[in-house]
> 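Shown below is the structure under consideration.
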There are 6 protein chains.
Amino acid sequence: MSSYLGVSGIVKRKIERADPQVVARLSRLGVASIHEAMGRKGLMKPFMRPIYAGAYACGTAVTVFMHPGDNWMLHVAAEQIQPGDVVVATCSADCLDGFFGDLLATSFRARGARGLVIEGGVRDIRDLTQMQFPVFSKAISAKGTIKATVGSVNIPVICAGTLVNAGDVIIGDDDGVVVVPAGEALATAEAAEKRVANETQKREKLAAGTLGLDLYQMREPLAKAGLKYVD
Amino acid sequence: MSSYLGVSGIVKRKIERADPQVVARLSRLGVASIHEAMGRKGLMKPFMRPIYAGAYACGTAVTVFMHPGDNWMLHVAAEQIQPGDVVVATCSADCLDGFFGDLLATSFRARGARGLVIEGGVRDIRDLTQMQFPVFSKAISAKGTIKATVGSVNIPVICAGTLVNAGDVIIGDDDGVVVVPAGEALATAEAAEKRVANETQKREKLAAGTLGLDLYQMREPLAKAGLKYVD
Amino acid sequence: MSSYLGVSGIVKRKIERADPQVVARLSRLGVASIHEAMGRKGLMKPFMRPIYAGAYACGTAVTVFMHPGDNWMLHVAAEQIQPGDVVVATCSADCLDGFFGDLLATSFRARGARGLVIEGGVRDIRDLTQMQFPVFSKAISAKGTIKATVGSVNIPVICAGTLVNAGDVIIGDDDGVVVVPAGEALATAEAAEKRVANETQKREKLAAGTLGLDLYQMREPLAKAGLKYVD
Amino acid sequence: MSSYLGVSGIVKRKIERADPQVVARLSRLGVASIHEAMGRKGLMKPFMRPIYAGAYACGTAVTVFMHPGDNWMLHVAAEQIQPGDVVVATCSADCLDGFFGDLLATSFRARGARGLVIEGGVRDIRDLTQMQFPVFSKAISAKGTIKATVGSVNIPVICAGTLVNAGDVIIGDDDGVVVVPAGEALATAEAAEKRVANETQKREKLAAGTLGLDLYQMREPLAKAGLKYVD
Amino acid sequence: MSSYLGVSGIVKRKIERADPQVVARLSRLGVASIHEAMGRKGLMKPFMRPIYAGAYACGTAVTVFMHPGDNWMLHVAAEQIQPGDVVVATCSADCLDGFFGDLLATSFRARGARGLVIEGGVRDIRDLTQMQFPVFSKAISAKGTIKATVGSVNIPVICAGTLVNAGDVIIGDDDGVVVVPAGEALATAEAAEKRVANETQKREKLAAGTLGLDLYQMREPLAKAGLKYVD
Amino acid sequence: MSSYLGVSGIVKRKIERADPQVVARLSRLGVASIHEAMGRKGLMKPFMRPIYAGAYACGTAVTVFMHPGDNWMLHVAAEQIQPGDVVVATCSADCLDGFFGDLLATSFRARGARGLVIEGGVRDIRDLTQMQFPVFSKAISAKGTIKATVGSVNIPVICAGTLVNAGDVIIGDDDGVVVVPAGEALATAEAAEKRVANETQKREKLAAGTLGLDLYQMREPLAKAGLKYVD
């Protein structure tokens, strides 16, 4: 399906979403842990930021491909949203316009959407914050958009440097946004859960004053790598 | 008066401010709605951000033209402030220094200022936040400035990509900053009020599950534009 | 000692920290005041921002020199931390990876660290905020790092455009981060205290409506500099 | 006419162009000299760069206001071009798409245009360079644009931080782009010519080893300003 | 194969390269024309620039996935190069280090490489220019890299916002870099050739003074869209 | 002397310059080689670029500390230039103004200067290119500056992320700018010369088709690091 990448004029209605039970497991984990558990991949670029502190979203991707200054496809995407989805929108060229605001958020929420990830701008920040509708975006801008050019929905998109296929799991928190391919969701959840459990023990030891140098047995490799202590 | 643009050494004392009653009407509306009501113009660039979440300012512009690293003209501007004004400051070249802090804010407030919009940096963020003195700026910087070169006050300025004449209405909220020329303030307030009223109805329908595709009758134009649904 | 600048493979164990009593005096002052009191120097670039509003740190520098994508030296630095220290980390090349998270913060706090200043990225923002562990960074990123290349600890480093020697006083607040060389700490504290006392009087006069033009006797120099008032 | 700023849907056919003889005089001077002669104003932001080294343009402005990703108005503008014009194009929001290429350049040249200044992107760089068609732009991008939304032609525009009225003189060289309002063109040409003549003498003295300190009699003001020489 | 995206530790030796005869046809066309012929997709972000004016490369992709500050995989990739390939390198996080210089260029050329596209930095610019080895990069930096962490070769990569599979056709010129999926190469070549032929006729008419308004029959749609001519 | 860092009002007349014979040896080597020979340190940030392709400078540093929008200290610095010096100028805050143009270049050359490195902007690019006066800068801008505030000359400065002491060796070429502390100049020249000699042999082998994998014996460490070859 990657041959649709960047193609305009397509709405794919049937997509395979990741298993909701696995999504639920991933929703208990943070972006950093999931990214590590996948072998340090899947992260969007760090310019993607939550519009309010503490914003959190986890769900299956409905993807949107738009053109600069034109948010028509977000309206088309609304119809494809199923409860538990996170909309992931990107643009054929860099554009910081305010593609999304409180009306679309109202509509998305009515359809069951859990949030929006957009490589572009959004507006109505006060309303979105009051609604606690989580959005992760590249910018905030009051600039309005038009509805003139068709893009696509549920084709593969590149968003903030990462490939997203419809149905992939999207997790966003204060640290950024990570994409877990649907086929890797279960293995990732398992690996991340182990990692988190493991970290709890480490945290206790570090809190008690144990040094990472000893906990992770770094002293010998550091010496081999040439580190010298001087007074 | 646009011939003064970029000229140093002028303080214009008599300016025509927008009608306070119209300013009051605009103050009940958001930046995005006002920008739309004006035909999608008047917005400053999206790098202009409030220094604290929820900052809001609406008033008539006292304009300031400064030079890099020099905030002398902000002191000159203080005397020209009348209750209900918002100071709009810009610089002859990009400079992120902290041109403004809590002492100037104290002085501005004593004169009746409702806020500051500055294409530059500000400091004393904790104090300004405690004072709830709204500032929209390009940067935050503790860097101090000097008082050595004269600029101008109440001449037309370009601030963050937008022309501002003294007396224009300036509205800033979490979405950014918009400039309404004094002569367009009444028409803009009326158009924006209609727009907001209209949005309330739309919001209810969207919240009830009606799709924008149907509410805005987009299905036919989308098909004409070539959008295809596939499974 | 500046000959170590940029050298890898060194951990300096004995450093001369600024006098704790002077550090305590500086901790009652803000970054902007201290920067002014030093003659407007010592500030890091304004892209260094606190990870949560109100973050504050003041302490003596333990410096860390790292390489892109590699946080090994932060573990090495933990052992060198003494109560009252602030870790200052920089990288041999621009890199926004998440070098630091809640485990390292737990370890740093157990050693008595008062905060972190890093020209790079950090992650686990929610945890760090809950811990109220103050961090001033260039970016937030969930991107993990490796432990493969040695850098140095407690050598002089350039962080965000400023030279930092181990033992210098580091103060970070909402306005940014300032570095006070250990040898200038006492004089700076005294000058800043005077400045702050002086500002209190000024603030009262400005709040009462006195103009800065009169308070600072600017009218004559402005006229000499060619400022003209027109109607 | 500034009330048209940012308005879409207008083509103004009759504009008052600066006197061609004055334009000819300005064309013998550089951007830096003209900017100085106007009192250090009128410069576009330094991100506006020539697409090839040595590009030079001087002429009267035909202004274009476009929307992101849409170059329709450049075609509309072509008809308004008269020999000796320079087209100045800007966009309602930041957009780096390639709005202009060799076909439009061919058309513009056939109409007598002397160049293009655009706060956006351009493409066909090799062809434009071979044609020696001078372009000053914010970016180079092969990204194509559409023709769907009307903007305006010959209304006032803000381009790269500067107000441009149709008919103003636009000069672009390796140092950047400057705008001379039509009404200030003669005075500016005269002042700039004097400045250049004056610089020739200075250059000779400096080349012979005279120091600026002596040529500009700076030693006394430097001492007054507190400069101290140490060994 | 997209499941390998972002995975480290893999070198895929057998890849399907686009047909050399089709590559040859594409090599006679420019980046802008090819991008248009594909339906305006496939372009890398405009920050990818040639290191010297006139640089041109066209060939089949050997992809490289590296880590910040580490160019080990470029050496691994050299062995996978076949005559006619263009190496496309990207990094797990933004990094502007100089990953590539004249020694690697010598090795790549000896293997038959036609150029390099890298979302990162390169060095030895003078030598690469003398060799006329075309490189398209995000930055120029003398900063050296290490060889410590494995990445991958010939897995799918995201480079400058575009998905690249090994064997895809890569074309870079002064306008930027475009990626043509191997399976779309023939259709793209045909469409682009038609487009270029078509443009030749248009160019002649435009050069003779015909307006685009008439050539493209824009007057009626412009009027319908509301464009008004005023004097 | 590092206590002068960031202090205004000082001109240090007597500085210890690196040995001219060592400077001559370094002048035969490139920036990348010298940076590597010093252990990968001393590089300025990669935003420092030559104003024309092929610009090259090598000499001993005369340092200048300026304030935003003010180039007074460049005139003061001219008197301190001795034949063979390269002026290194920086500013107390980020500023892209055109601090330097052809008149100052004429004066600097008359004093024997070999070039300028400036974390700021310069103008008169056409003249400087014709003069072949090498400049490495952060920006090009026609914006003029004033002469109102004293900075310092020959104090230590931070330029583009690197500490520069007066008398250090500065080398700039197409790859960027590197700083060699005077006391490390001889050792660096020797190490860099060896490195260059060594590279000549490597280049011949690589040109003959030997792979870096074999030349540098990388196959075993790659396998140990987990690299796997698949078909």
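Residue numbers begin at 1 in each chain, while the letters A, B, ... track the order of the sequences.
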> I need the E/N165 CG to A/L5 CG distance, nearest 0.5 Å.
9.5 Å
> Counting only heavy atoms not in E/E190, do more than 12 fall under 6.0 Å of its CD?
yes
> If you define the side chain from C-beta out and look only at heavy atoms, does anything of E/K41 sit under 4.5 Å from A/V7?
yes
> Could you tell me which of A/G161, A/G39, A/S92 has the largest number of non-hydrogen atom pairs under 4.5 Å with chain E?
A/G161
> With a 4.5 Å limit on heavy-atom distance, are the side chains of E/I158 and A/I158 in contact?
yes
> In terms of heavy-atom pairs under 4.5 Å, which option from E/E119, E/M38, E/K45 contacts chain A the most?
E/K45
